[in-house]
2 protein chains.
Amino acid sequence: MVAERADVLPALAEVFREHGYEGASLALIGQRTGLGKGSLYHFFPGGKEEMAAAVLAEIDAWFEQHIFRPLREEDPRRAVPEMIRAVHGYFRSGQRVCLVGAFALVDVRDRFADAIRSYFAAWTDALAQGLERGGLAEVEARDRAEEAVAAIQGALVLARALDDPGSFHRAMARIEARLMSG
Amino acid sequence: MVAERADVLPALAEVFREHGYEGASLALIGQRTGLGKGSLYHFFPGGKEEMAAAVLAEIDAWFEQHIFRPLREEDPRRAVPEMIRAVHGYFRSGQRVCLVGAFALVDVRDRFADAIRSYFAAWTDALAQGLERGGLAEVEARDRAEEAVAAIQGALVLARALDDPGSFHRAMARIEARLMSG
DNA sequence: GTCTATACAGTGATAGAC
DNA sequence: GTCTATCACTGTATAGAC
């Protein structure tokens with residue numbers, strides 16, 4: 001039924017997103033992936049830590065392809081609105097959590113420090129580079145990029161806390177407007 | 001050595017902040033509070049859930065006293081910079097995490113949904129009210145308040161992820177400037 | 001009030017049959 | 001590859017001595 005490791009990554013990611021690293025028990029993972037522990041350890045000999053690392057790598061690859069690269073290479077007047085649209089879809093209007101951000105807030109951050117840091121650094125860098133190519137000065141571009149990336153994470157926290165997708169919508173609209181102005 | 005429940009709340013809060021709800025084991029809590037399980041269950045008959053609820057209540061009370069009330073009652077030209085300063089100190093320049101925000105991102109949110117929602121709602125409301133008294137129109141005040149509260153949460157995520165207090169400093173400066181303008 | 005001892009379900013992980 | 005059985009261990013929680 002499951003041919004390769006990549007086939008279980010989406011379900012795996014969802015479990016980590018919903019329950020966090022500690023909360024994602026192997027029993028739960030087994031249920032949601034439809035795989036027994038034997039199969040799971042066949043695909044991930046390193047156990048839960050390797051599962052989480054694989055999920056983080058896949059997330060990074062997805063963002064690299066759909067968000068970071070377009071920001072670096074395409075016309076920023078198109079890439080920025082496209083980023084907003086992609087983020088909106090990916091995080092399901094704020095009802096889905098950013099796994100990398102959630103990991104950053106607890107002690108598992110130390111275990112995956114490099115992956116977490118590089119994800120946010122790549123995002124900020126790509127966005128800043130796009131804004132700069134769009135005509136902004138370097139410092140202004142970096143400042144806006146850092147603000148926007150943080151604002152997205154904050155919007156996710158707030159939308160989850162208030163259980164209000166509307167607040168996520170409003171936040172994304174603000175972010176887009178601010179990135180595109182000037 | 002420990003006279004009342006409130007005496008262990010600070011240590012308790014720190015354990016939850018560092019390890020999250022699932023990661024905060026009773027063994028760890030026992031170490032950090034210096035109390036045995038017997039004592040812990042004497043103070044918190046409801047176990048870990050009651051501990052977390054007590055911590056959330058204490059956090060809410062702290063913010064109510066030091067941030068929400070000043071925003072509602074004092075001159076916003078003074079209360080807003082004071083909020084920035086208080087937030088900066090409370091979160092240790094972004095090296096300390098917001099427990100309420102961290103809880104909001106995982107499934108324990110559902111267990112403490114009311115406390116989490118009311119914390120962020122109270123913050124946003126108090127800030128919006130202050131801005132309005134400062135002369136902003138109602139919709140503009142609410143919009144800026146929501147943005148600022150989310151931005152603080154985002155700044156905490158980013159500062160932890162990048163392990164860079166500098167990004168938190170910059171974010172707080174931006175937030176203050178934006179709240180005080182106009 | 002604080003401790004130790006303990007119950008017992010659940011944890012991550014391994015071994016081996018198929 | 002996938003399963004079941006099982007491991008040693010840790011989890012929360014309780015009981016009872018002091």
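Reminder, nothing fancy here: chain letters follow the sequence lines and each chain counts from 1.
- Within the structure, every side-chain polar atom (N or O) of Ser25(A) is placed at least 4.0 Å from both OP1 and OP2 of dG10(C).
- Residues of residues 40-49 of chain B that place a heavy atom closer than 4.0 Å to DNA chain D, in numerical order, are Tyr41(B), Gly47(B), Lys48(B).
- Not counting sequence neighbours, the partners of Asp164(A) by the salt bridge (Lys or Arg N to Asp or Glu O under 4.0 Å) test are Arg170(A).
- Ser39(A) pairs by the side chain to side chain contact (heavy atoms under 4.5 Å, CB included) definition with Leu35(A), not counting sequence neighbours.
- One interatomic measurement links the two molecules: CG of Leu26(B) to C1' of dC3(C), which rounds to 16 Å at whole-angstrom precision.
- The rotation axes computed at either terminus of the helix from dG1(C)-dC18(D) to dC18(C)-dG1(D) lie 0° apart, taking five pairs at each end and rounding to 10 degrees.
- His88(A) meets the ring-ring contact (aromatic ring centres under 6.0 Å, His included) test with Phe168(A), His169(A); sequence neighbours excluded.
- Residues satisfying the side chain to side chain contact (heavy atoms under 4.5 Å, CB included) criterion with Arg111(A), sequence neighbours excluded, are Tyr21(A), Glu49(A).
- Residue Tyr21(A) contributes atom OH, which lies 9 Å from atom P of dG12(C) at whole-angstrom precision.
- Among residue pairs with one or both ends in residues 89-99 of chain B, those qualifying as side chain to side chain donor-acceptor pair (under 3.5 Å) are Glu14(B)-Arg96(B), Arg17(B)-Tyr90(B); sequence neighbours excluded.
- By the side chain to side chain contact (heavy atoms under 4.5 Å, CB included) test, Arg144(B) is found to be paired with Leu131(B), Leu136(B), Glu140(B), Leu179(B), Ser181(B), residues two or more places apart in sequence or in another chain being considered.
- In this structure Arg178(A) satisfies the salt bridge (Lys or Arg N to Asp or Glu O under 4.0 Å) test together with Glu147(B), sequence neighbours excluded.
- Ring geometry for Phe16(B) against Phe103(B) counts as perpendicular: the plane angle is over 60°, on a 0 to 90° scale with 30° as the lower cut.
- We find that CZ of Arg5(A) is positioned 14 Å from P of dT2(D), with the value rounded to whole Å.
- Straight-line distance from the CG atom of Leu12(A) to the P atom of dG12(C): 12 Å, rounded to whole Å.
- Asp163(A) pairs by the salt bridge (Lys or Arg N to Asp or Glu O under 4.0 Å) definition with Arg109(B), not counting sequence neighbours.
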Nucleotide N/O of nucleotides 16-18 of chain D paired with protein N/O under 3.5 Å:
none

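- Counting only heavy atoms from C-beta on, Lys37(A) has its side chain closest to dT14(C) among dG11(D), dT14(C), dT12(D).
- dT11(C) atom P lies 13 Å from atom CE of Met51(A), rounded to whole Å.
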Walk me through whether Arg72(B) and Glu64(B) qualify under salt bridge (charged side-chain N to carboxylate O under 4.0 Å, His left out).
CA-CA 10 Å; Arg72(B) 275 192 237 101; Glu64(B) 172 62 30; 3.0 Å; yes
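- Rounded to an integer number of Å, the gap from His19(A) NE2 to dG10(C) P is 15 Å.
- Remark: P of dC3(C) and CD of Gln31(B) are 13 Å apart, rounded to the nearest angstrom.
- For the salt bridge (Lys or Arg N to Asp or Glu O under 4.0 Å) test, no residue two or more places apart in sequence or in another chain qualifies with Arg133(B).
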